[in-house]
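This report concerns only the one structure given below.
What you are looking at is a predicted structure, and each value in this text was computed from that prediction instead of being measured. Read the numbers this way: they start at 1 and go in the same order the structure lists the ligands and their atoms. Note that the numbering runs from 1 along the sequence shown for the chain.
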Amino acid sequence: MITVSAPGKLMLLGEHAVVYGQPCLVTAVDRRLSVGVEISGDKSIQINSPGASDTRFVEAAVSEFFKTTKLDNPGLHITTKSEFETSLGFGSSAAVTGATVKALSLVMQKSLTDGEIFDIAYKAVYLVQGLGSGFDVAASVWGGTLYFVTGGKAVEPLAADNMPLIVGYSGVKADTTTMVKMVAEKKKKFPEKVDRIFQAIGKLVNQAKEAMVTGDWGRVGKLMDFNQEYLRDLGVSTQKLEDMISAARAAGAWGAKLSGAGGGDCMIALYPQGIQGKSTIAGAIQEAGGQVIDVGAGAEGVKIEQADNKSV
Ligand code: PMV
């Protein structure tokens with residue numbers, strides 16, 4: 001049995017625009033999902049995913065892995081386990097896909113680079129969802145904080161240490177597919193306006209990248225505020241998210257915005273140095289009806305947790 005884990009993710013800036021070729025910034029969070037794989041030798045594939053009803057991503061990861069490597073599938077027992085609820089929007093589908101591909105490469109003794117793991121996992125996710133930039137798959141594979149362009153056209157790890165990040169869950173599960181399609185509709189109706197928004201978001205992302213590596217979190221926060229305005233224009237924010245974001249700003253956050261597709265899931269805020277600032281902002285988010293989730297940014301990418309296989 002080989003067990004591999006991969007982190008969840010949070011989008012920092014650039015959601016939606018990234019689907020249309022603009023860059024985004026994503027960070028891996030220290031809540032992990034693990035996948036155990038062992039060869040059964042009976043040619044069948046058994047997937048045991050307690051607490052997760054959807055095994056399509058694991059199945060797609062298996063089929064893409066064997067298709068790409070041209071190896072014969074010997075039969076596998078696969079078990080998955082998550083440290084976080086799928087409802088949070090931390091990217092459990094991408095994490096389980098990335099971890100499954102890595103675990104398969106180890107159990108089948110097929111050495112793959114991170115880029116190859118990403119390509120296989122992204123194809124698998126795309127097969128199931130039919131859309132998506134792959135930013136979540138990249139976070140699960142490389143970890144850390146990444147500057148990312150759709151499909152992995154650019155994957156640049158950033159030295160963005162000690163990110164003063166607060167996360168608030170809105171209590172509503174977002175439907176990414178619906179939100180992405182809604183934005184596509186809007187783009188069809190108002191192509192120039194929406195294109196202009198995407199370009200502006202892309203510029204913000206590039207500025208935030210520079211500010212992040214110099215540790216200028218005040219500036220990153222301001223850019224997050226601007227990004228939120230564009231997301232509101234796109235129509236993906238909700239009253240609940242707006243309330244949590246306003247509360248965080250009023251309590252002294254450097255900036256705040258929704259994270260991900262919108263329509264629910266989480267908002268993020270950056271707090272000024274000092275534990276006081278953090279707890280004041282966390283309190284304000286809770287007062288606005290949000291649930292504060294204590295996660296660390298820049299977590300390690302996909303990694304081996306346990307390898308009982310003698311050959312590894
Ligand atoms: O809903 P999430 O957290 O998976 O984020 C979706 C982000 C989008 O840019 C809207 C879609 C994508 O695949 O990049």
How are the rings of F148 and F118 set to each other: parallel, tilted or perpendicular (split at 30° and 60°)?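 Perpendicular.
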
If we only count N/O pairs under 3.5 Å, is S133 in contact with ligand 1?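 Right, the criterion is met.
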
Could you find the nearest protein heavy atom to atom 9 (O) of ligand 1 and give me its residue, atom name and distance? H16 N, 2.9 Å

In the protein, what heavy atom is nearest to atom 7 (C) of ligand 1, and what distance, to one decimal place, separates them?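 Result: F135 CE2, 3.6 Å.
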
I need the atoms of ligand 1 closer than 4.0 Å to a non-hydrogen atom of [X], numbered in the order shown.
X    : answer
T176 : 1 (O), 2 (P), 4 (O), 6 (C)
V19  : 9 (O), 11 (C), 12 (C), 14 (O)
G132 : 13 (O)
K9   : 2 (P), 3 (O), 4 (O)
E15  : 9 (O)
V18  : 9 (O), 14 (O)

Find out if a path of hydrophobic residues (ILVMFWY) with successive side-chain heavy-atom gaps under 4.5 Å connects L131 to I201. no

For [Y], is there an ion pair with [X] - N to carboxylate O distance below 4.0 angstrom?
X    : Y    : answer
E85  : K173 : no
K222 : D216 : no
K209 : E156 : yes
K188 : E185 : yes

Pairing donors with acceptors under 3.5 angstrom, does anything connect the side chains of S237 and Q228? yes

Counting only heavy atoms closer than 4.0 Å, does ligand 1 sit against the backbone of T150, its side chain, both, or neither?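 No part of T150 is near ligand 1 at this cut-off.
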
From the options G263, A261, G8, select the one whose nearest heavy atom is closest to atom 6 (C) of ligand 1. A261

Can you see which heavy atom on P272 is nearest to which on A253, and at what distance? CD-CA, 4.4 Å

